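Reminder, nothing fancy here: chain letters follow the sequence lines and each chain counts from 1. The shown structure was predicted, so the numbers you read here are calculated from the model rather than taken from an experiment.
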There are 2 protein chains.
Amino acid sequence: MASSNELLHGTLETLILKTLQGGSRHGYSIARWLEDETSDGLQIEEGSLYPALYRMERRGWIEAEWGKSELGRKAKFYRLTAEGKSQLARQTNEWAAFAAAVSKILLPSTGLIAEKA
Amino acid sequence: MASSNELLHGTLETLILKTLQGGSRHGYSIARWLEDETSDGLQIEEGSLYPALYRMERRGWIEAEWGKSELGRKAKFYRLTAEGKSQLARQTNEWAAFAAAVSKILLPSTGLIAEKA
DNA sequence: CGTAGATACCTTGATAGTCAAGGTATCGTC
DNA sequence: GACGATACCTTGACTATCAAGGTATCTACG
């Protein structure tokens, strides 16, 4: 529904890292999982997904390995590196702080704000 | 703290609209207010602020008028139009939905999710 | 047999928004 | 008279997203 998801800017990488925290996955599966998990609240475009995966691999946050998908097709599986794990922690904190700040402005009525420790 | 705020992408306009909901303000004052209100959790760069104001004026979401600031300096005051108000409502909903989806993935532990009516 | 749809990958070009870094001008203060 | 705060504005580079294309394999259906 949201015309174009520029809101995703900078968040997609964190979402991918988080997805991989649950175990190794291939790209297509990462997208499906995120969409399923949010009941299509998030829509992951392949034109954003794959470039994001390459960026993160280049930076050493994730590692790739060719394998076979659940359905027996060839698929490239990604897994978190140690560097990726610490990035995930860092970026999750950043997002929580950002979301809290924006929520404080935009949604002052709802009591949904996350607090920093 | 957050290195570069690409998270702001698409959110800045909504934040500005929301700021103007509290009454007419000039650009510089909008930035100060947002930073104060979030205890510098948000940092508004002028290179993002002014272009955003022009975009929104061009689209008819806000209207500008020259006046004098609290300190007697010349300043351009912006106010919400009817179109801007409905945009604010629409974009606030979009953000709430997006933030809820991302929070569900990234912060499953905290019970901070907003629900749609 | 062939064709359609789902799976799974990848690339290109356009677009748009942010940022860093510059700049102007006024006012008050030390 | 120099500095810092107020208040505006612009430029160029960057970066991530998206739309829209493409390849290949497998299954299912008629």
Side-chain angles (χ1 to χ4, degrees), chain A residues 1-17 24-36 42-59 61-62 64-78 91 94-95 98 102, chain B residues 1-17 24-36 42-59 61-62 64-78 91 94-95 98 102:
Chain A
M1 280 303 129
S3 40
S4 79
N5 241 351
E6 25 180 296
L7 292 177
L8 212 50
H9 249 273
T11 313
L12 179 57
E13 296 183 358
T14 315
L15 291 168
I16 293 173
L17 289 175
S24 180
R25 271 181 191 273
H26 58 272
Y28 192 80
S29 160
I30 292 171
R32 289 312 132 252
W33 185 80
L34 282 170
E35 292 176 354
D36 286 357
L42 295 176
Q43 199 142 345
I44 311 300
E45 302 295 333
E46 303 197 347
S48 308
L49 173 68
Y50 291 108
L53 288 170
Y54 307 148
R55 282 199 303 272
M56 296 166 74
E57 189 181 7
R58 188 174 0 108
R59 293 175 193 151
W61 300 356
I62 58 178
E65 193 179 7
W66 283 99
K68 283 207 172 305
S69 76
E70 319 75 46
L71 296 174
R73 294 192 174 83
K74 96 179 183 340
K76 202 192 271 181
F77 285 79
Y78 292 92
Q91 293 182 193
E94 275 179 26
W95 195 82
F98 175 76
V102 175
Chain B
M1 279 301 130
S3 40
S4 80
N5 242 350
E6 26 181 296
L7 291 178
L8 213 52
H9 247 273
T11 313
L12 179 58
E13 296 183 357
T14 314
L15 290 168
I16 293 173
L17 289 175
S24 180
R25 270 182 192 274
H26 59 272
Y28 192 79
S29 161
I30 293 171
R32 287 314 131 251
W33 186 80
L34 282 170
E35 291 175 354
D36 286 357
L42 295 177
Q43 198 140 345
I44 312 300
E45 301 296 332
E46 303 197 347
S48 308
L49 173 69
Y50 291 108
L53 288 169
Y54 307 149
R55 284 198 302 272
M56 297 166 74
E57 190 182 8
R58 188 171 2 104
R59 293 175 192 152
W61 300 357
I62 58 178
E65 193 178 8
W66 284 100
K68 282 208 174 306
S69 77
E70 319 75 49
L71 296 174
R73 293 191 176 83
K74 97 178 178 353
K76 201 192 273 182
F77 285 80
Y78 292 91
Q91 293 181 194
E94 275 178 27
W95 194 83
F98 175 76
V102 175

(message) Using 0.5 Å steps for rounding, measure from the CH2 atom of A:W61 to the CG atom of A:L53.
(response) 12.0 Å
(request) List for me each residue that meets side chain to side chain donor-acceptor pair (under 3.5 Å) alongside A:R73, sequence neighbours excluded, and say none if there are none. (result) none
(message) In terms of relative ring orientation, are A:F77 and A:H26 parallel, tilted or perpendicular, with 30° and 60° separating the classes?
(response) perpendicular
(request) Check whether any side-chain heavy atom of A:F98 sits under 4.5 Å from a side-chain heavy atom of B:L42, and report yes or no. (result) yes
(request) Choose from C:dC19, D:dT10, C:dT11 the nucleotide whose nearest atom is closest to any side-chain atom of B:Y54. (result) D:dT10
(message) Nearest to the side chain of B:L71, heavy atoms from C-beta on, is which of D:dC8, D:dT6, C:dT7?
(response) D:dT6
(request) For the side chain of A:A75, starting at C-beta, report the closest nucleotide among C:dT18, C:dA16, C:dA8. (result) C:dA8
(message) Between C1' on D:dA19 and CG on A:L8, what's the gap in Å once rounded to a whole number?
(response) 15 Å
(request) Return the value, rounded to whole Å, for the distance between atom CD of B:Q43 and atom P of C:dT18. (result) 15 Å
(request) Kindly point out which of D:dT10, C:dA20, C:dC10 is positioned nearest to the side chain of B:E45? (result) C:dA20
(request) Can you tell me the distance, in whole Å, between the CD1 atom of A:I44 and the C1' atom of C:dC9? (result) 17 Å
Restricting both atoms to N or O, compile the protein contacts to nucleotides 24-26 of chain C shorter than 3.5 Å, with distance only.
residue, atom, partner, partner atom, Å
C:dT26, O2, B:R73, NE, 3.2

(request) Identify, between A:E70 and A:S48, the residue whose nearest nucleotide on DNA chain C lies closer to the 5' end. (result) A:E70
(message) Less than 4.5 Å apart, side chain to side chain, heavy atoms only: is that true for B:V102 and A:L8?
(response) no
(request) Give the rounded distance in Å between these two atoms: CG of B:L53 and C1' of D:dC9. (result) 12 Å
(message) Using whole Å, what does the distance between atom C1' of nucleotide D:dT17 and atom CG of A:L15 come to?
(response) 14 Å
(message) Could you check whether any side-chain heavy atom of A:Y28 comes within less than 4.5 Å of a side-chain heavy atom of A:E46, counting everything from C-beta outward?
(response) yes
(message) Restricting to non-hydrogen atoms, name the atom on B:A52 and the atom on B:L12 that form the minimum distance, rounded to 0.1 Å.
(response) CB-CD2, 4.1 Å
(request) Output the residues of residues 25-34 of chain B in contact with DNA chain C, where contact means a heavy atom of the residue under 4.0 Å from an atom of the strand; sort by number or write none. (result) none
(request) Return the nearest nucleotide to the side chain of A:W66; candidates are C:dC10, D:dT17, D:dT10. (result) C:dC10
(request) Assign A:G72 to base, sugar-phosphate, or nothing according to its heavy-atom contacts below 4.0 angstrom with the strands shown. (result) nothing
(request) Let me know the distance between CG of B:L7 and C1' of D:dT15, rounded to the nearest Å. (result) 13 Å
(request) Mind checking the OG1-CH2 spacing from A:T11 to A:W95? Nearest 0.5 Å is all I need. (result) 7.5 Å
(request) Supply the atom-to-atom distance B:I30 CD1 to B:I44 CD1, rounded to the nearest 0.5 angstrom. (result) 10.0 Å
(message) In this structure, how many angstroms lie between the P atom of D:dC9 and the CD atom of B:E46, rounded?
(response) 10 Å
(request) With the side chain of A:Y50 defined as its heavy atoms from C-beta on, choose the nearest nucleotide among C:dC10, D:dT17, D:dC8. (result) C:dC10
